[in-house]
Amino acid sequence: MCGIAGILLPPNAADTRALGAIKPMTASIRHRGPDSDGFWADHAAGIALGHRRLAIVDLSEAGHQPMLSASGRLVISFNGEVYNFATLRRELEDIGHRFRGSSDTEVMLCAIECWGLERALRRFTGMFAFGLWDREARMLHLARDRMGKKPLYVARIGRALVFASELKAIRAFPGFEARIDRQAVAAMLARGAMPDRCCIWQDVFKLPPGASLSVSADDMTGAPGTAALKAEVHQWWSLADVAERGRSAPFRASDAEIVEELDALLRLTVRERMVADVPLGAFLSSGIDSSTVVALMQAQSDRPVRTFTIGFQERGYDESAAAGDIARHIGTDHTELRLTPDEARDVIPELPRVWDEPFADWSQIPTLLVSRLARQDVTVALSGDGGDECFAGYARHFLAARFSSLLGMPPFVRRTAADILASLANGAGERLVGRLPASDRLRQSLRGDRLRRLSDLFAANGDQDIYHRLTCVSPLSLAREPEVAEPDAPALDDLVSQLVFRDMAGYLTSDILVKLDRASMATSLETRCPLLDHRVVEFAWHLPTALKVRHGQGKWILRQVLARYVPPRLFERPKQGFDVPVCAWLRGPLRAWAGDLLSETRLRCHDLLDVAAVRACWEAHLSGRRDHALALWAVLMLEAWLDEVEGPPVSAAIEAFEFGLQGS
């Protein structure tokens, strides 16, 4: 795992000293690769590549980057891991190629030179983002892995094209104009995270998952803008195609046979991710996903696997005891850190600097803390991320399965149901529900906030609107600008599949993977996700929905796999998530901090927010009338991020012109 950066100038640029900015750009992302840095430039061609290395496989100088291919034609700066590189290496050796080291980077270069870029990309199994310069064709190729595990930002700054793993490096290029994209702000406030198709800065974009972008040096003469570059993006792998193929050809084998096949596939993907020349471990909550990954690791390891869990003192948010039970059963070498509320809250001021864009999934706090805990003992950690998206593990998936027939009723019937539920959700309705001769569980399911969400669901108009209402962090519009429209999803045969696709194409890439990448790389820890191997994703799309959601539970098939290794009594618990008590904190120990950021004077400074709506939201939350913690956290993370970026920017201008690179 590493950090990458690059600059491409038009041919015969009058001043190639701007290539020197590669040094401060690369230095700004040192946390992604603290072991060493590397630079390569060709002043005549107007190209410079930078690299920060976190050495994982082949710790010798033979793994140093930027790396040239054996022929010298290709140069790469690469972030990530290709897990099947040993298999590809043997195949290439069989046709006569020889290697000087043992890194996956060298194998990638040989594969691209031998088979061409797209064919090689399709052969790679792993997570990656890279910049590749073809010295003969004078062409820059950028590429990103299928699921978007590794980030890659691209921008036009003046006449230069620049790219990097994080926005810190983009901002370090001389002449960068930090202009906020107001529609991106609206999308972030609605979702709690920046959609992958958006960027907080105008004229910067993220290369989409499963995509590549090839730019000829000659094309730079006309100085193509950001829109022109985005138009040239090529999808070499498409989640929509995978979903449509899978749903049109569901598995026909017995449940037992499919469980057996998934078990074997997951064993393979876990085993591939256990290859490293540095200490390796895993995150372990008490959930289905991480427990499955850890169980499969231990089943294939000859020594106890290192596992790590963060615990909280607040009851109802602490999974550490259950995680410890699972660790003892599996036999791992388990480390648990129980945090005080003060220790958890103390990390909040660091969040804007770590995430680089406004990011408001509050599970970012325990994710950052467990990454720090693990990094004390290991350099690589496996994670269970992706299980909810692949195998339908979110509450919205169960809701869709339970109410899909009702949601398919005529609009006037749904509107009537929505009105009835909305009336029950008010104070009088809640008191009435409290008097019903019903079980505590039923009364809990009829709480006002749940009834309001259900009412909102019945009022929706179509699959896209249903998803929007289920995932929106606030019932209010808090931004001054409207949110950018979501892209259409492919036509799939049931509502659960529609929601799963939108989660995988949007929520996963915009929230889950951003959270994991920034939190882990801030601590120089590599994280690997076996459940997001593209073969697992493709397998999951061939599963009938009944193998994902059954008996009111999600991830049915994954539970069957886990039950082969762990007794169900240890993991069959209500889904809790990686949560923290932000709702209570905002009314208590965080009230002064939040109140300052949410003051009317402060909110008017940037003209990005509907001040009246935000203030009403804050006052309703403080009074206890409504829980607006999700919406308020999004506003607070935006305001805290604005504080961070309005400080002194990374000083690139001076260093850029003082630092000279020897051309190659």
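Position 1 is the first residue of the sequence, and the numbers go up from there.
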Y565 and D263 side chains, donor-acceptor separation under 3.5 Å = yes
Derivation of the salt bridge (Lys or Arg N to Asp or Glu O under 4.0 Å) call for D289 and K555 = CA-CA 9 Å; D289 307 334; K555 296 186 285 196; 3.1 Å; yes
request  = Would you check, one step at a time, whether the test ring pair (Phe, Tyr, Trp, His ring centres under 6.0 Å) holds for Y83 with F124?
outcome  = CA-CA 8 Å; Y83 303 116; F124 296 157; over 10 Å; no
key: CA sep, side-chain torsions, deciding dist, call: L142, F130, side-chain contact (heavy atoms from CB on, under 4.5 Å)   = CA-CA 6 Å; L142 305 177; F130 61 77; over 6 Å; no
query = Is the backbone N or O of G506 less than 3.5 Å from a side-chain atom of S510, with the two atoms forming a donor-acceptor pair by type?
reply = yes
inquiry  = As an exercise, state the distance from CZ of R559 to CZ of F391, rounded to the nearest 0.5 Å.
reply    = 12.5 Å
request  = To the nearest 0.5 angstrom, please state how far the OG atom of S77 sits from the CD atom of Q65.
outcome  = 5.5 Å
Worked check of salt bridge (Lys or Arg N to Asp or Glu O under 4.0 Å) between D517 and K150 = CA-CA 7 Å; D517 176 82; K150 293 294 100 190; 2.4 Å; yes
ask   = Please walk me through it: do D196 and R144 pass salt bridge (Lys or Arg N to Asp or Glu O under 4.0 Å)?
value = CA-CA 13 Å; D196 201 64; R144 193 174 178 203; 3.1 Å; yes
ask   = How many angstroms lie between CD in E91 and SG in C110, if you round to the nearest 0.5 Å?
value = 10.5 Å
Donor-acceptor contact present, side-chain K206 to main-chain C198, <3.5 Å = yes
key: Axial cation check for W355 ring with K168, 6.0 Å and 45° limits   = no
ask   = Just by distance, do the side chain of D277 and the backbone of D58 share a donor-acceptor pair under 3.5 Å?
value = yes
ask   = Can R273 and D533 be counted as an ion pair, charged N to O under 4.0 angstrom?
value = yes
L49 vs I76, side-chain contact (heavy atoms from CB on, under 4.5 Å): CA-CA, chis, key distance, verdict = CA-CA 8 Å; L49 301 176; I76 195 170; over 6 Å; no
ask   = So do L262 and L266 actually touch side chain to side chain, heavy atoms under 4.5 Å?
value = yes
inquiry  = Working note: S371 + S520, criterion side chain to side chain donor-acceptor pair (under 3.5 Å); need CA distance, chi angles, decisive distance, verdict.
reply    = CA-CA 5 Å; S371 295; S520 60; 5.3 Å; no
Shortest non-hydrogen contact between A169 and I29, atoms and distance = CB-CG2, 4.4 Å
query = Salt bridge check: are D219 and R138 linked by an N-O gap of less than 4.0 Å?
reply = no
key: Shortest non-hydrogen contact from A249 toward H542   = O-ND1, 2.9 Å
query = Do P304 and I330 touch side chain to side chain, with heavy atoms closer than 4.5 Å?
reply = no
inquiry  = Any side-chain to backbone donor/acceptor pair from H51 onto F78? Under 3.5 Å, distance only.
reply    = yes
inquiry  = Within the supplied structure, the quantity of interest is the number of heavy atoms (other residues, nucleotides, ligands) at a distance under 6.0 Å from R303 CZ; does it exceed 12?
reply    = no
remark   = On a heavy-atom basis, the closest approach of H141 and S214 is ND1-OG, 2.7 Å
inquiry  = Checking T545 against R247 for the side chain to side chain donor-acceptor pair (under 3.5 Å) test, could you report, in this order, the C-alpha distance in whole Å, the side-chain angles of both residues, the deciding distance, and whether it holds?
reply    = CA-CA 9 Å; T545 296; R247 301 308 293 166; 3.1 Å; yes
query = Regarding S212 and E118, is there a side-chain donor-to-acceptor distance under 3.5 Å anywhere?
reply = no
Validation row: I112, L74 side chains within 4.5 angstrom (heavy atoms) = yes
query = L531 versus C529: any side-chain heavy-atom pair under 4.5 Å?
reply = no
key: Carboxylate-amine/guanidinium proximity below 4.0 Å for E113 and R73   = no
query = With under 30° as parallel and over 60° as perpendicular, where do the rings of F176 and W201 fit, or are they tilted in between?
reply = perpendicular
ask   = To the nearest 0.5 Å, what is the distance between OG (S290) and CZ (F283)?
value = 10.5 Å
message = Are L140 and F163 packed together at the side-chain level, in the sense that at least one heavy-atom pair is separated by less than 4.5 angstrom?
response = yes
key: Main-chain N/O of V305 paired with Q298 side-chain donor or acceptor, under 3.5 Å   = yes
inquiry  = Whether the side chain of E526 engages the backbone of T379 through a donor-acceptor N/O pair (distance < 3.5 Å, no angle test) should be reported.
reply    = no
message = Measuring only between side-chain heavy atoms, which start at C-beta, is P208 closer than 4.5 Å to V233?
response = yes
request  = Flag yes if more than 12 heavy atoms outside Q300 fall under 6.0 Å of its CD atom; otherwise flag no.
outcome  = yes
message = Is there a side chain to side chain donor-acceptor pair (under 3.5 Å) between E257 and S254? Walk through the geometry before answering.
response = CA-CA 5 Å; E257 290 170 328; S254 68; 3.2 Å; yes
task = Measure the shortest side-chain to side-chain distance between W237 and L121 over non-hydrogen atoms and say whether it is less than 4.5 angstrom.
result = no
ask   = Is there a side-chain contact (heavy atoms from CB on, under 4.5 Å) between L525 and V378 once you walk through the steps?
value = CA-CA 8 Å; L525 176 75; V378 301; 4.1 Å; yes
request  = Would you give the length of the straight line joining atom CD of Q376 to atom OG1 of T523, rounded to the nearest 0.5 angstrom?
outcome  = 10.0 Å
request  = Just do the salt bridge (Lys or Arg N to Asp or Glu O under 4.0 Å) check on R146 and E538 with the steps written out, would you?
outcome  = CA-CA 11 Å; R146 294 169 179 85; E538 291 168 0; 5.2 Å; no
request  = Mark yes or no for whether R267, through its side chain, and R271, through its backbone, hold a donor-acceptor pair below 3.5 Å.
outcome  = no
ask   = Closest heavy-atom contact between K548 and A392?
value = CB-CB, 3.9 Å
remark   = Minimal heavy-atom distance between A522 and V354, with the atoms involved, is CB-CG1, 3.8 Å
ask   = Has the side chain of R375 got a donor or acceptor atom that lies under 3.5 Å from a matching backbone atom of S524?
value = yes
message = Treating K149 as the side-chain partner and L532 as the backbone partner, does any N or O pair qualify as donor plus acceptor under 3.5 Å?
response = yes
ask   = Do E389 and R502 sit within salt-bridge range, that is, some charged N less than 4.0 Å from a carboxylate O?
value = no
cation_pi(R123, W115) dist<6.0 Å, angle<=45 = yes
task = Please examine the side chains of T509 and M147, heavy atoms only from C-beta on, and report whether any two atoms are closer than 4.5 Å.
result = no
message = Please tell me whether H31 and E166 have a donor and an acceptor in their side chains that are separated by less than 3.5 angstrom.
response = yes
remark   = Heavy-atom nearest pair, P544 first then P250, reads CG-CB, 4.3 Å
Chi angles and distances behind the side-chain contact (heavy atoms from CB on, under 4.5 Å) call for N84, D104 = CA-CA 9 Å; N84 64 334; D104 55 347; over 6 Å; no
inquiry  = I'd like to know if the side chain of R53 reaches the main chain of G33, judged simply by a donor and an acceptor atom lying under 3.5 Å from each other, with no hydrogens or angles considered.
reply    = no
request  = Under the side chain to side chain donor-acceptor pair (under 3.5 Å) rule, what do Y153 and D356 come out as? Steps first, then yes or no, please.
outcome  = CA-CA 12 Å; Y153 292 88; D356 229 9; over 6 Å; no
